[in-house]
Amino acid sequence: MNPIKITYRPISWLPIIFKANGVQPQIWTELTPPQIIALACAGNGTIDDAAFLAAMCDIRKFVIRKLDNYQRFQLSEALQFFKAGYMHNAFVQSYVKPGLKKYYTPKPKLKGMSFGQFIFADTYFGMYQAENKPEHLHKFIAALCIPNRKNFNEEEVEYRTKQITKLYTNEKEALVVNYMLIRAWLAKVYPLIFSEGVQEETNPPKSPFAKGDEGKKKYDSSGWIKIFEGLVGDNITDHDKYAKLPVHEVLRYLSRKMKENMKKKK
């Protein structure tokens with residue numbers, strides 16, 4: 001974390017100087033839940049510059065408003081980790097709480113996440129990116145976030161979807177931004193799968209804040225289903241077996257198969 005010390009005048013025409021201390025994240029792992037929410041708000045234009053800097057510096061907003069444009073610019077420039085690329089392998093929000101019950105996001109690097117859960121979450125994520133429909137957003141989060149120490153069960157997604165609708169919009173959008181960062185990390189780890197188009201979709205924009213249709217084309221929601229069917233084949237009894245496998249085990253297998261196929265074509 002980068003410590004910040006700010007001096008300001010609470011009343012511009014009085015020679016009284018106050019001090020404020022704060023900290024800025026320097027790497028993605030130092031982001032806090034309020035800060036990832038602030039990033040989401042910056043992306044959809046629901047936060048002003050002062051409120052954004054206040055969240056990113058952990059300083060009260062009225063102090064930021066007392067600063068001149070050059071001081072605000074310096075604070076913005078200090079957020080160097082943005083310039084290094086939009087990529088992260090963990091969820092900043094460890095859980096969401098739409099009511100009395102907490103639902104937990106996957107662990108860092110998607111450890112413990114099953115391939116079946118990943119298929120559900122990633123498919124609804126792609127559908128939401130393409131169509132921007134709230135029902136896809138809610139199902140994406142319902143597939144992504146599950147009760148603590150519970151295995152993913154697709155039959156419970158519908159129930160959680162109803163609960164997820166109670167979350168604040170900014171919390172939901174923060175999970176979308178965070179998943180974009182994770183998906184960018186997956187593209188680096190498994191370039192053949194996520195960069196060469198195993199699915200009929202393009203990669204997410206390089207920045208979670210890209211506007212309009214940049215980097216998008218029509219999403220094929222059956223993409224992962226086709227991959228799953230190709231993996232399992234006609235043996236229905238193997239469906240549950242593969243769905244319960246860790247997601248990285250399956251992705252590594254797919255990457256290996258793709259490399260083998262590429263060698264055969266040469």
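Count residues from 1 along the sequence. Since the structure is predicted, the reported quantities are computational estimates derived from the model, not experimental observations.
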Test of understanding: with salt bridge (Lys or Arg N to Asp or Glu O under 4.0 Å), list the residues that count as partners of Arg72, not counting sequence neighbours. none

I want to check something: taking the side chain as every heavy atom from C-beta on, are Val92 and Gln35 in contact at a cut-off of under 4.5 Å? no

Can Lys263 and Glu260 be said to form a salt bridge (Lys or Arg N to Asp or Glu O under 4.0 Å), step by step? CA-CA 5 Å; Lys263 287 181 180 179; Glu260 290 174 1; over 6 Å; no

Salt bridge (Lys or Arg N to Asp or Glu O under 4.0 Å) filter on Glu158, not counting sequence neighbours, yields Lys139

CG/Asp49 to CD1/Ile64 distance, rounded to the nearest 0.5 angstrom? 11.0 Å

Considering only heavy atoms from C-beta outward, does the side chain of Pro98 approach that of Arg160 to under 4.5 Å? no

Determine the minimum heavy-atom distance between Thr105 and Cys145, stating which atoms define it. CG2-SG, 3.7 Å

When the ring planes of Phe194 and Tyr190 are compared, do they come out parallel, tilted or perpendicular, using 30° and 60° as the limits? tilted

Ring-plane angle category for His248 and Trp185, please: parallel below 30°, perpendicular beyond 60°, tilted otherwise. perpendicular

Spacing of CE belonging to Met113 relative to CG belonging to Asp122, to within rounding of 0.5 Å: 8.5 Å

Ring centres under 6.0 Å, that's the criterion: do Tyr179 and Phe125 meet it? yes

Asp68: partners by side-chain contact (heavy atoms from CB on, under 4.5 Å), with sequence neighbours left out: Tyr70, Gln71

Just jot down the salt bridge (Lys or Arg N to Asp or Glu O under 4.0 Å) partners of Lys133, sequence neighbours excluded, or say none. Glu131

Taking salt bridge (Lys or Arg N to Asp or Glu O under 4.0 Å) as the definition, give me every residue that meets it alongside Glu30, ordered by chain and number, with sequence neighbours left out. none

Which residues share a side-chain contact (heavy atoms from CB on, under 4.5 Å) with Ser76, sequence neighbours left out: Leu53

